[in-house]
Participant: 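First, the structure itself, so that you have it in front of you.
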Protein chains: 2
Amino acid sequence: MKEKLKEHLNKKISLTDEEFSFVLSHFSFEKHKKNDFLIYQGENVSHCYYVVHGLLKLVYNDGNGKQHIVSFAMEDWWESDFSAYFMKNKAKMTLQCIEDTITFSISLKNYHKLSAELPKMQSFFLEKSNSGYIASQNRILSFLTSNATERYNQLLKQYPLLIQRVPKSLLASYLGVSRETLSRLSS
Amino acid sequence: MKEKLKEHLNKKISLTDEEFSFVLSHFSFEKHKKNDFLIYQGENVSHCYYVVHGLLKLVYNDGNGKQHIVSFAMEDWWESDFSAYFMKNKAKMTLQCIEDTITFSISLKNYHKLSAELPKMQSFFLEKSNSGYIASQNRILSFLTSNATERYNQLLKQYPLLIQRVPKSLLASYLGVSRETLSRLSS
DNA sequence: TTATAATAGTGATGTTTGTCACGCTCTAAT
DNA sequence: ATTAGAGCGTGACAAACATCACTATTATAA
């Protein structure tokens with residue numbers, strides 16, 4: 001499992017074995033069961049999670065009993081309620097396992113410590129954040145320019161593997177349409 | 001004008017006068033007229049812009065002659081087509097002045113140089129990127145949970161000053177509704 | 001094994017939003 | 001001073017999508 005994190009980091013930066021050991025000492029390793037919660041809406045967010053194996057959903061529960069999927073997180077993704085994590089607020093969202101999931105997690109304290117003591121890690125985090133920002137903007141663009149059918153096709157094209165692991169009701173929630181509408185989409 | 005950038009940086013990090021001079025030497029200062037383009041869709045993106053004064057729009061032009069506003073950028077905002085900027089691709093979007101605008105701009109080369117030579121600046125950039133990511137996720141959440149009326153009210157609440165500087169047709173484009181629908185919204 | 005819940009499809013109907021058309025006002029440029 | 005265009009509102013109609021109700025199938029757990 002350590003190897004997966006190491007390889008992941010080494011795609012962007014190069015770490016010696018000692019450096020990686022140092023990095024690893026800032027993370028904790030966890031196994032979660034399907035339906036387990038990693039973050040509870042309304043509570044503190046202590047960690048940011050790297051998904052080694054499995055699948056998570058980041059969900060906003062509105063006041064009307066509806067769930068809205070802000071994001072999925074599968075292998076090699078980093079996820080948290082970042083607003084709550086960085087600003088030390090209460091979580092606006094829930095992070096929950098769709099499948100049994102293995103993670104490495106890092107506290108905000110260790111995130112800052114690691115960033116300060118190992119500039120390479122800071123530039124890694126910067127790159128991840130930039131990618132997340134860009135991905136979010138693309139999703140916004142998808143809402144601005146495309147209808148439900150088009151958004152679904154874009155999703156199919158972008159994450160063909162994800163689609164097979166997630167019930168369509170959750171995909172509908174991610175796309176911002178009702179499950180009935182998704183079920184009726186032509187192509 | 002230098003003072004505005006300095007104050008802006010000093011909100012997040014603390015720079016000595018020499019450090020700030022060093023930082024400043026990586027930027028170029030520019031004045032743009034209303035309707036001027038800073039980034040042309042389809043071309044290379046050389047810079048990222050800090051808005052000292054004025055107002056920009058980041059626009060995606062789809063194939064059907066429609067404009068979609070991905071983002072506005074007013075005083076103290078950082079803007080670019082980040083995907084094109086960081087990945088050295090052609091711009092997917094246009095960056096254009098809504099008002100006469102004064103900017104400091106930084107090339108990608110200088111962005112990396114500054115990040116590497118002055119860790120404080122890297123942590124500044126990291127913070128900006130995290131904020132952008134969080135803001136984008138909130139906008140996605142707004143699309144997922146709210147109808148046109150609610151999204152407009154959220155915008156009014158979040159950026160009351162922006163609304164007064166931007167024609168309603170552009171606000172409509174930002175909200176993802178037609179200008180006619182925006183014009184008809186109850187509250 | 002059996003009961004229960006999760007998943008998925010579909011008809012009927014209503015609401016929201018988009019599109020096209022038109023008119024009115026105000027500004028900016030000639 | 002006159003004109004062209006930007007900005008804004010609104011009516012009529014069409015398209016997209018949500019909601020409710022019902023059914024069927026497949027997992028899952030007692």
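Every value quoted in this text rests on a predicted model; they were computed, and no experiment measured them. In the text below, chain A, chain B and the rest are named by the order of the sequence lines, each starting its count at 1.
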Participant: B/Q154 and B/S146: side-chain donor and acceptor closer than 3.5 Å?
Facilitator: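 B/S146 and B/Q154 do have a side-chain donor-acceptor pair below 3.5 Å.
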
Participant: Quick one: A/N64 CG to D/dA18 P, roughly how many Å, whole number?
Facilitator: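 To the nearest whole Å, that distance equals 15 Å.
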
Participant: Just checking A/S169: base, sugar-phosphate only, or nothing, at a heavy-atom cut-off of under 4.0 Å?
Facilitator: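 Sugar-phosphate, backbone atoms only, no base.
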
Participant: Could you give the OH-to-P distance, from A/Y152 to D/dA16, as a whole number of Å?
Facilitator: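 Taking atom P of D/dA16 as the reference, OH of A/Y152 is at 19 Å.
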
Participant: Once you round it to whole Å, what is the distance between P of C/dA6 and CD1 of A/I98?
Facilitator: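 The answer, rounded to whole Å, is 15 Å.
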
Participant: Over how many whole Å does the gap from B/F143 atom CZ to D/dA18 atom P extend?
Facilitator: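 Going from B/F143 (CZ) to D/dA18 (P), I get 15 Å.
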
Participant: Just by distance, no angles: are the side chains of B/S71 and B/E79 close enough, under 3.5 Å, to form a donor-acceptor pair?
Facilitator: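 Distance-only check passes for B/S71 and B/E79.
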
Participant: Considering the terminal five base pairs at each end of the helix from C/dT1-D/dA30 to C/dT30-D/dA1, what angle separates the two local helix axes, rounded to 10°?
Facilitator: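 Roughly 50° between the end axes, to the nearest 10°.
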
Participant: What's the CG-P distance between A/D100 and D/dT28, to the nearest Å?
Facilitator: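 In whole Å, D/dT28 P and A/D100 CG are 11 Å from each other.
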
Participant: Could you tell me if A/S105 and A/S28 have a donor-acceptor pair between their side chains, going purely by distance under 3.5 Å?
Facilitator: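 Side-chain D/A pair, A/S28 to A/S105: present.
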
Participant: With respect to the side chain of A/K34, which nucleotide from C/dA8, D/dC8, D/dT28 is positioned closest?
Facilitator: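 Looking only at side-chain atoms, A/K34 lies closest to D/dT28.
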
Participant: Are any non-hydrogen side-chain atoms of B/E3 and B/K6 less than 4.5 angstrom apart?
Facilitator: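 Yes, at least one pair of side-chain atoms sits under 4.5 Å.
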
Participant: Assess whether a salt bridge exists between B/K33 and B/D100, defined as any Lys/Arg side-chain N lying under 4.0 Å from an Asp/Glu carboxylate O.
Facilitator: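 Salt bridge between B/K33 and B/D100, a charged N being under 4.0 Å from a carboxylate O: yes.
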
Participant: Does a side-chain heavy-atom distance below 4.5 Å link B/N130 with A/F82?
Facilitator: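 They are not in side-chain contact.
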
Participant: How long is the gap from OG1 on A/T103 to CD on A/E30, to the nearest 0.5 Å?
Facilitator: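 Here the interatomic distance stands at 4.5 Å.
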
Participant: Does B/R139 count as lying over the ring of B/Y174, i.e. NZ or CZ under 6.0 Å from the six-ring centre, within 45 degrees of the axis?
Facilitator: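 Yes, B/R139 lies over the aromatic ring of B/Y174.
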
Participant: Between A/K33 (NZ) and D/dA29 (C1'), how many Å, whole number?
Facilitator: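 That distance rounds to 15 Å.
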
Participant: Check the distance between D/dA27's C1' and A/K168's NZ and give it to me in whole angstrom.
Facilitator: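 Those two atoms, NZ and C1', are 17 Å apart.
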
Participant: Can you build the contact string for nucleotides 11-25 of chain C? Use B for base contact, S for sugar-phosphate-only contact, and - for no protein heavy atom under 4.0 Å.
Facilitator: BB----SBBBB----

Participant: Tell me whether the count of non-hydrogen atoms from other residues, nucleotides or ligands lying under 6.0 Å of NE2 in B/H53 goes above 12.
Facilitator: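 Not more than 12 within 6.0 Å, no.
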
